[in-house]
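Here the structure is a predicted model, which is why all the values come from computation and not from measurement.
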Amino acid sequence: MKFKSPPVNSLSLDFITELCISLEKLENNRECRGVIVTSAVPNIFSSGLDITEMCGKSMEHYAEFWRAVQEMWLRLYGSNMVTVAAVNGSSPAGGCLIALSCDYRIMVQNPKFIIGLNEAQLGIVAPFWFKDTFVNTVGHRVAERSLQLGSLHSASEAHKFGLVDELVPEEKLQEKAVAVMAQWLALPDHARQLTKSMMRKAVLDRLVAHREEDIQNFVNFISKESIQKSLRMYMEMLKKKKS
């Protein structure tokens, strides 16, 4: 599955909806046992949630958008398929969440590429299920420091503390992802799926149980004038960088 939503594969409502539909189709196809997630846009895996979806919109829109974000994570993190992230570019915030939700992460060894949950830099807070996914991958201390600082890590730094499992040169990425997929698919599906469910169920169940509350928290938070101001300033900063 290749992300292709130029210029930076930002996770708009349309993009997320399309992603969820695609995952559902693959999940329902018995012949499909695994999916490699990568980008068709050079130098970027995904820039994360589309800020325009969170700025200057109605409360109903914020709720619809956040429900779609939840659905994307529930489908990917809870997938019965083997999921491999072939991270071939920078992957901040929601892009990092997509990679974290996969079973295995391979990243291109390039000093320009960064990855991390940098929500704090935007003046917003990563919700508990982002945090849980991150903690389960890198451990409590690394996650706590990284989330508080909104850190974006180089590929080598991310590899050092387990945010990504492997680093490869760009020309070897696809080949490596296919080899990893073959290794995981060599196991009986039922044993691997039950083990994955056992490891991830508590985290998934926690969001399912508090889903409406989480949506309401997001809507209340994102619609505050101080948060809207932060997002507008961030968007202005991005515009200046482009120009």
Side-chain angles (χ1 to χ4, degrees), residues 3 5-17 19-20 37-39 41 43-55 57 62 65-77 85-102 105 107-108 110 112-138 142-155 157-158 161-164 203 207 214-215 217-219 221-222 227-228 230-239 241-242:
F3 299 153
S5 183
V8 290
N9 288 337
S10 57
L11 303 175
S12 65
L13 181 56
D14 287 347
F15 184 102
I16 293 169
T17 304
L19 175 56
C20 288
V37 182
T38 193
S39 169
V41 176
N43 302 321
I44 191 86
F45 180 70
S46 168
S47 66
L49 301 184
D50 188 339
I51 294 171
T52 62
E53 300 281 10
M54 301 184 280
C55 197
K57 299 284 199 297
Y62 297 145
F65 176 64
W66 199 245
R67 188 180 297 280
V69 177
Q70 290 176 335
E71 188 63 30
M72 174 186 77
W73 178 77
L74 288 167
R75 284 198 174 280
L76 194 53
Y77 196 65
V87 183
N88 53 341
S90 289
S91 191
C96 178
L97 181 73
I98 287 176
L100 282 169
S101 302
C102 293
R105 286 162 292 287
M107 190 168 181
V108 168
N110 184 324
K112 291 181 181 173
F113 294 167
I114 48 176
I115 186 168
L117 295 176
N118 64 320
E119 281 77 1
Q121 286 189 32
L122 282 69
I124 56 179
V125 179
F128 70 86
W129 41 285
F130 282 50
K131 181 268 296 178
D132 288 346
T133 314
F134 199 34
V135 169
N136 286 352
T137 306
V138 302
V142 169
E144 182 181 20
R145 186 179 64 226
S146 189
L147 285 169
Q148 283 199 48
L149 294 172
S151 303
L152 288 169
H153 308 282
S154 66
E157 192 181 15
F161 57 71
L163 176 51
V164 295
V203 179
L207 176 59
D214 182 62
I215 291 170
N217 286 342
F218 173 77
V219 171
F221 182 78
I222 212 73
I227 304 304
Q228 288 292 304
S230 286
L231 291 174
R232 286 195 297 270
M233 284 168 64
Y234 189 75
M235 285 164 73
E236 282 302 315
M237 186 187 78
L238 290 178
K239 277 180 194 168
K241 270 188 183 176
K242 281 175 191 170

Apply salt bridge (Lys or Arg N to Asp or Glu O under 4.0 Å) to [X] and list each qualifying residue two or more places apart in sequence or on a separate chain.
| X | result |
| --- | --- |
| Arg67 | Glu212 |
| Arg232 | Glu225 |
| Asp214 | none |
| Glu71 | Arg75, Arg211 |

> Checking Tyr62 side chain against Phe218 main chain: does a donor-acceptor pair fall under 3.5 Å?
Replying inline: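 No, because the side chain of Tyr62 does not come within donor-acceptor range (under 3.5 Å) of the backbone of Phe218.
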* Check for a donor-acceptor pair, side chain of Gln228 on one end and backbone N or O of Met54 on the other, with a separation under 3.5 Å. =>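 Here the side-chain-to-backbone pair exists.
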Phe15: which of Ser10, Ser5, Ser46, Cys20 passes side chain to side chain contact (heavy atoms under 4.5 Å, CB included) |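 Going through Ser10, Ser5, Ser46, Cys20 one by one, the side chain to side chain contact (heavy atoms under 4.5 Å, CB included) with Phe15 is satisfied by Ser5 alone.
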How far does [atom1] of [X] sit from [atom2] of [Y], to the nearest 0.5 angstrom?
| X | Y | atom1 | atom2 | result |
| --- | --- | --- | --- | --- |
| Ile16 | Leu49 | CD1 | CG | 6.0 Å |
| Leu207 | Leu74 | CG | CG | 5.0 Å |
| Phe161 | Ser146 | CZ | OG | 5.5 Å |
| Ile51 | Ile222 | CD1 | CD1 | 9.0 Å |
| Met72 | Ile98 | CE | CD1 | 4.5 Å |
| Met107 | His153 | CE | NE2 | 10.5 Å |

Please report the closest heavy-atom contact between [X] and [Y], naming both atoms and the distance.
| X | Y | result |
| --- | --- | --- |
| Leu122 | Leu231 | O-CD2, 4.3 Å |
| Thr52 | Lys57 | O-NZ, 2.7 Å |
| Val138 | Gly162 | CG1-C, 4.2 Å |
| Val135 | Ala143 | CG2-CB, 3.7 Å |
| Gln121 | Leu149 | CG-O, 4.1 Å |

Exactly one of Trp129, Phe128, Trp66, Phe130 clears ring-ring contact (aromatic ring centres under 6.0 Å, His included) with Trp73, and that residue is Trp129
Set of side-chain hydrogen bond (donor to acceptor under 3.5 Å, both in side chains) partners for [X], sequence neighbours left out:
| X | value |
| --- | --- |
| Asn118 | none |
| Ser230 | none |
| Ser154 | Ser156 |
| Asn110 | none |

* Among all residues two or more places apart in sequence or in another chain, which pass the ring pair (Phe, Tyr, Trp, His ring centres under 6.0 Å) test with Phe65? ->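 With sequence neighbours excluded, Phe65 shows a ring pair (Phe, Tyr, Trp, His ring centres under 6.0 Å) to no residue whatsoever.
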For residues 5-16, the salt bridge (Lys or Arg N to Asp or Glu O under 4.0 Å) pairs (sequence neighbours left out) are none
*After noting the C-alpha distance and the side-chain angles of Leu163 and Leu100, does the key distance pass the side-chain contact (heavy atoms from CB on, under 4.5 Å) rule?*
CA-CA 7 Å; Leu163 176 51; Leu100 282 169; 3.4 Å; yes
Cut-off 3.5 Å, no hydrogens considered: what does the side-chain donor-acceptor table look like for residues 85-95, sequence neighbours left out?
| from | atom 1 | to | atom 2 | distance (Å) |
| --- | --- | --- | --- | --- |
| Asn88 | OD1 | Thr38 | OG1 | 3.3 |
| Asn88 | OD1 | Ser39 | N | 3.3 |
| Asn88 | ND2 | Thr38 | OG1 | 3.3 |
| Asn88 | ND2 | Ser39 | O | 2.8 |
| Ser90 | OG | Ile114 | N | 3.1 |
| Ser91 | OG | Gly95 | O | 3.0 |
| Ser91 | OG | Cys96 | N | 3.3 |

Q: For the residue pair Lys112 and Asn43, establish whether any side-chain heavy-atom pair is separated by less than 4.5 Å.
A: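 Heavy-atom side-chain distance check fails, nothing below 4.5 Å.
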query = Does any non-hydrogen side-chain atom of Phe3 lie less than 4.5 Å from one of Val37?
reply = yes
**Request:** Go through Tyr77 and Asp132 one step at a time and tell me if the side-chain contact (heavy atoms from CB on, under 4.5 Å) criterion holds.
**Result:** CA-CA 12 Å; Tyr77 196 65; Asp132 288 346; over 6 Å; no
Set out, in order, the CA-CA distance, both residues' side-chain angles and the distance that settles side-chain contact (heavy atoms from CB on, under 4.5 Å) for Val8 and Val41, then state yes or no.
CA-CA 7 Å; Val8 290; Val41 176; over 6 Å; no
Note to self: Phe113 vs Phe45, test: ring-ring contact (aromatic ring centres under 6.0 Å, His included). Steps then yes/no.
What the structure shows: CA-CA 9 Å; Phe113 294 167; Phe45 180 70; over 10 Å; no
Checklist line | Those residues that, when tested against Asn217, pass side chain to side chain contact (heavy atoms under 4.5 Å, CB included) (two or more places apart) | finding: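 Side chain to side chain contact (heavy atoms under 4.5 Å, CB included) check on Asn217 returns Glu213.
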